[in-house]
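Taking it in order: structure first as structure tokens, then the write-up.
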Number of protein chains: 4
Amino acid sequence: MKAVSKSQIKRDALLKATICLVNNNGFHATPMSKIAKMANVSPATIYLYFKNKQDLANQAYIEVKSSFSNCAFKDFEPNMGVEEGFKKIWMNIATFKLKEVDHAMFLSQCDNTPMIDEESRQEGLKHLQPLIALWERGKEEGLVKPFSPFILYAFTVYPISFLLNTEMKGWCKVDKPALERAYSAAWDAIKL
Amino acid sequence: MKAVSKSQIKRDALLKATICLVNNNGFHATPMSKIAKMANVSPATIYLYFKNKQDLANQAYIEVKSSFSNCAFKDFEPNMGVEEGFKKIWMNIATFKLKEVDHAMFLSQCDNTPMIDEESRQEGLKHLQPLIALWERGKEEGLVKPFSPFILYAFTVYPISFLLNTEMKGWCKVDKPALERAYSAAWDAIKL
Amino acid sequence: MKAVSKSQIKRDALLKATICLVNNNGFHATPMSKIAKMANVSPATIYLYFKNKQDLANQAYIEVKSSFSNCAFKDFEPNMGVEEGFKKIWMNIATFKLKEVDHAMFLSQCDNTPMIDEESRQEGLKHLQPLIALWERGKEEGLVKPFSPFILYAFTVYPISFLLNTEMKGWCKVDKPALERAYSAAWDAIKL
Amino acid sequence: MKAVSKSQIKRDALLKATICLVNNNGFHATPMSKIAKMANVSPATIYLYFKNKQDLANQAYIEVKSSFSNCAFKDFEPNMGVEEGFKKIWMNIATFKLKEVDHAMFLSQCDNTPMIDEESRQEGLKHLQPLIALWERGKEEGLVKPFSPFILYAFTVYPISFLLNTEMKGWCKVDKPALERAYSAAWDAIKL
DNA sequence: CATGAATGAGGCTTCATTCAT
DNA sequence: AATGAATGAAGCCTCATTCAT
């Protein structure tokens with residue numbers, strides 16, 4: 001029984017509007033006035049909740065990134081077997097990206113453009129720690145290729161974004177079997 | 001002995017300036033006046049070569065995308081063996097992204113934000129046809145997993161962008177051995 | 001034993017904050033919200049005590065001007081000798097300006113910019129009546145030049161503001177001997 | 001036969017409009033849009049000539065201050081007799097303030113509010129050097145009281161502003177005889 | 001071809017003031 | 001009496017684009 005304050009509701013509406021509009025138009029092409037309109041507040045009200053436009057974007061980024069990692073490690077236990085754990089995380093991430101399309105697109109745009117403060121970006125980085133730790137164990141156990149986490153990430157998690165993009169554009173449909181196929185590619189890419 | 005017209009030179013300077021500035025600031029945060037200044041040209045002159053800012057971006061995208069595919073299929077022969085051909089193309093692309101960083105970053109930004117016309121984006125797509133054809137042959141010959149080209153692309157070529165990004169941010173160095181490791185991940189991801 | 005009401009205290013805090021902030025930033029660069037904050041009060045509360053921002057400034061002006069004339073004629077007796085009376089008043093004013101720097105600066109700003117209603121300004125004028133009367137007597141007694149009070153004021157009292165300003169800016173120090181020198185200039189300027 | 005460029009004309013119109021409006025409303029109550037309107041240009045045009053509002057004010061200040069000192073030392077020769085030279089300068093200044101009312105009011109407002117950069121203010125200071133030098137000679141020759149230039153200025157030049165103000169407000173008229181009376185007060189204030 | 005000057009439209013942000021509590 | 005939240009109006013400034021030369 002969460003009591004959600006009126007303020008919290010408004011803040012959330014603003015963040016949601018920001019995400020939606022930035023997804024569709026990009027950060028700099030999204031005026032504060034439109035964000036306000038979509039959140040049903042006056043433009044001036046935004047500045048009660050956020051210092052300025054940049055702050056609004058940073059906060060949205062941090063919020064979404066955090067919800068992302070919450071999903072990513074759902075039901076994951078550090079003592080799981082390496083492959084089992086990896087598949088769980090991978091599927092979690094894929095599910096997140098395919099279900100929470102808005103959030104995923106927003107993250108993708110944040111990570112590929114100079115719209116987010118370096119500081120906030122750093123903040124978002126630490127979230128993947130458990131996955132990296134899992135890979136380390138995998139390497140020790142001789143199950144995972146002895147590659148840097150950047151390469152491992154590049155060939156397992158990062159590709160999901162591409163699939164999301166193509167689905168968004170209606171070029172293909174990512175259903176359950178497609179997901180399994182994609183997972184097999186991911187695991188094959190890094191397994192020893 | 002190509003005679004390069006004065007006009008051509010100016011057009012190129014404008015495209016180059018656009019790419020550079022958009023990379024650093026994003027499309028909407030790059031004023032025409034700055035592009036003009038960097039190209040040593042009056043703002044008004046831009047409009048002699050391009051219809052408007054959007055057109056300038058589109059043209060830059062098409063130009064870069066085309067130079068990209070020129071590189072991608074350098075020394076590739078349609079009758080090569082599948083793995084040999086794939087490795088050549090993959091390495092070409094990786095080399096392009098790591099050498100022509102400016103161009104690669106620009107493409108990445110174009111592909112991850114709504115800054116480019118859908119029409120121009122379509123234009124850029126057809127360039128990958130030979131790679132897709134190669135994969136088709138690979139599938140027929142039982143060398144490549146029977147996956148959609150989207151998945152194959154997602155787990156082989158797309159990851160290179162991530163490596164470029166991380167290198168750009170100074171988080172890791174992609175040298176020759178790292179490249180080989182990355183390639184092995186790519187091939188393992190899709191080979192049968 | 002004055003019992004100072006809670007209301008009075010708040011009103012005074014607001015006036016004080018106004019004076020301080022206007023001194024440092026000017027009238028139009030001083031937001032009501034900052035005045036409220038400095039007076040430890042909600043912005044809305046200001047409007048319980050003052051009609052609007054202009055009214056707040058006017059009241060502050062009147063208040064300060066009145067405290068100014070209280071000082072100016074301290075220990076002055078209408079039947080004093082002309083020179084003795086003049087020196088007393090002059091020194092009172094100088095002391096006020098050098099001790100109550102905040103108030104003096106505020107008056108200076110009010111008198112040199114269009115921030116105060118003409119009406120309130122008129123209100124502040126009558127305070128100098130006793131000095132003008134003294135000068136009249138001085139003229140009758142042949143001790144003071146037969147000039148309009150404006151000229152007499154301009155060359156005796158008004159210059160003190162300049163000395164205050166220069167001291168404020170750290171350009172010079174106005175100590176007791178300097179004050180005596182200044183007084184001698186003032187008296188020489190108007191004595192017959 | 002000065003050829004005045006079109007740009008120069010526009011710049012001057014902007015400065016003039018600024019002075020006029022700031023005189024009537026104060027710096028912060030004068031919107032750029034009104035300045036533009038009075039100068040018959042678009043608001044955006046202002047920014048071709050001035051970096052921002054502050055710069056506009058600073059430039060106006062410097063310009064006016066400089067025209068002020070040009071007037072102040074008209075026909076003054078450094079080898080004049082001290083009293084003769086002083087009277088010339090004093091009358092020049094008085095004439096300037098009474099004739100160029102707009103400029104004089106503007107300077108007064110600049111010098112009494114925080115609207116001008118400290119840097120620009122410093123710039124305006126050096127203009128009085130010849131007067132200070134004259135006073136120094138006067139002191140050496142035993143003609144002028146041995147006071148700091150601040151006091152000398154306070155009781156001779158500074159009072160003129162007050163007379164200007166009162167005339168502006170219609171409280172008195174400063175005609176030729178009044179000017180002579182005022183001068184006599186000024187000289188008596190500092191002569192030995 | 002080329003340009004520097006000009007601008008209308010629009011974006012971000014602030015602020016005096018009000019309103020619901 | 002007191003307030004925190006809310007906002008419409010307005011201010012500063014930028015920029016894509018055009019025009020006169």
Side-chain angles (χ1 to χ4, degrees), chain A residues 5-7 9-11 27-37 39-56, chain B residues 5-7 10-11 27-37 39-57, chain C residues 5-7 9-11 27-37 39-57, chain D residues 5-7 9-11 27-36 39-56:
Chain A
S5 76
K6 207 109 179 286
S7 278
I9 289 175
K10 232 169 239 184
R11 204 188 107 102
F27 176 64
H28 285 289
T30 300
M32 294 296 261
S33 58
K34 268 193 200 156
I35 296 175
K37 204 165 290 171
N40 271 114
V41 285
S42 154
T45 303
I46 300 181
Y47 294 86
L48 296 178
Y49 297 88
F50 305 94
K51 210 160 36 107
N52 50 36
K53 197 184 179 186
Q54 185 63 62
D55 184 42
L56 176 53
Chain B
S5 73
K6 209 130 172 262
S7 280
K10 240 170 228 183
R11 206 188 105 100
F27 176 64
H28 284 287
T30 299
M32 294 295 262
S33 58
K34 266 193 200 156
I35 295 176
K37 201 166 292 170
N40 272 115
V41 145
S42 155
T45 303
I46 301 183
Y47 292 84
L48 299 177
Y49 294 87
F50 303 93
K51 203 155 45 92
N52 51 34
K53 195 185 182 187
Q54 185 62 62
D55 184 41
L56 176 53
Chain C
S5 73
K6 207 123 173 271
S7 280
I9 289 175
K10 239 171 230 185
R11 206 187 106 101
F27 176 64
H28 285 286
T30 299
M32 294 294 262
S33 57
K34 267 193 200 157
I35 295 176
K37 201 167 292 171
N40 271 115
V41 145
S42 156
T45 304
I46 301 183
Y47 292 84
L48 298 177
Y49 293 87
F50 303 94
K51 201 153 49 87
N52 52 33
K53 195 184 181 187
Q54 186 62 62
D55 184 42
L56 176 54
Chain D
S5 74
K6 207 108 179 286
S7 278
I9 290 175
K10 231 168 240 185
R11 205 188 106 101
F27 177 64
H28 284 289
T30 300
M32 295 297 260
S33 58
K34 269 193 200 156
I35 296 176
N40 272 112
V41 285
S42 154
T45 303
I46 300 182
Y47 295 86
L48 296 179
Y49 297 88
F50 304 94
K51 210 159 34 103
N52 50 37
K53 197 184 179 186
Q54 184 64 62
D55 184 41
L56 176 54

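The sequence lines fix the lettering, A, B, ..., with proteins before strands; numbering per chain opens at 1. Remember, predicted model here, so these are calculated numbers, not experimental data.
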D:K53 atom NZ is separated from E:dT13 atom P, nearest whole Å, by 19 Å
For D:K34, what residues pass the side chain to side chain contact (heavy atoms under 4.5 Å, CB included) criterion, not counting sequence neighbours?
-> D:L21, D:P31
DNA chain E contacts made by residues 44-52 of chain C, counting heavy atoms under 4.0 Å = C:A44, C:Y47, C:N52
Could you tell me the separation between the CG atom of B:N40 and the P atom of E:dC1, rounded to a whole number of Å?
-> 19 Å
Tightest non-hydrogen contact, residues A:S33 and A:P43, listed as CA-CG, 4.5 Å
Return the set of residues passing side chain to side chain contact (heavy atoms under 4.5 Å, CB included) with C:A29 (not counting sequence neighbours), or none when no residue passes.
-> C:N25, D:H28
side-chain hydrogen bond (donor to acceptor under 3.5 Å, both in side chains) filter on D:D55, not counting sequence neighbours, yields D:Q59
Hey, does the Lys NZ or Arg CZ of B:K53 hover above the aromatic six-ring of B:Y47, less than 6.0 Å from the centre and inside 45° of the axis?
-> no
Treat a base pair as Watson-Crick or G-U wobble with both distances under 3.5 Å, then lay out DNA chain E in dot-bracket form, 5' to 3', with | for cross-strand pairs.
-> .||||||||||||||||||||
Atom CD of C:Q54 and atom C1' of E:dC15: how far apart are they, to the nearest Å?
-> 16 Å
Could you say whether D:S33 or A:P43 is positioned toward the 5' end of DNA chain F, judged by the nucleotide with the nearest heavy atom to each?
-> A:P43
Out of curiosity, C:L56 CG to C:T30 OG1, how far, rounded to the nearest 0.5 Å?
-> 10.0 Å
Closest approach of C:A57 and C:F27, non-hydrogen atoms and distance?
-> CB-CE1, 3.6 Å
In the 5' to 3' direction, the nucleotides of DNA chain F bounding the stretch that comes under 4.0 Å of a heavy atom in chain B are F:dC15 to F:dC19
Here the gap from B:I46 atom CD1 to B:M32 atom CE, rounded to the nearest 0.5 Å, amounts to 4.5 Å
Spacing of NZ belonging to A:K37 relative to OG belonging to A:S42, to within rounding of 0.5 Å | 11.0 Å
Atom pair distance, as rounded to whole Å: NE2 in C:H28 and P in E:dA16 | 10 Å
5'-most contact on DNA chain E: B:V41 or C:P31, nearest heavy atom basis?
-> B:V41
What's the spacing between B:N40 CG and B:T45 OG1 if we round to 0.5 Å?
-> 11.0 Å
Please figure out whether A:M32 or D:S42 has its closest DNA chain E nucleotide nearer the 5' end.
-> D:S42
Looking at every strand, decide which applies to A:K34 at a 4.0 Å heavy-atom threshold: base, sugar-phosphate, or nothing.
-> nothing
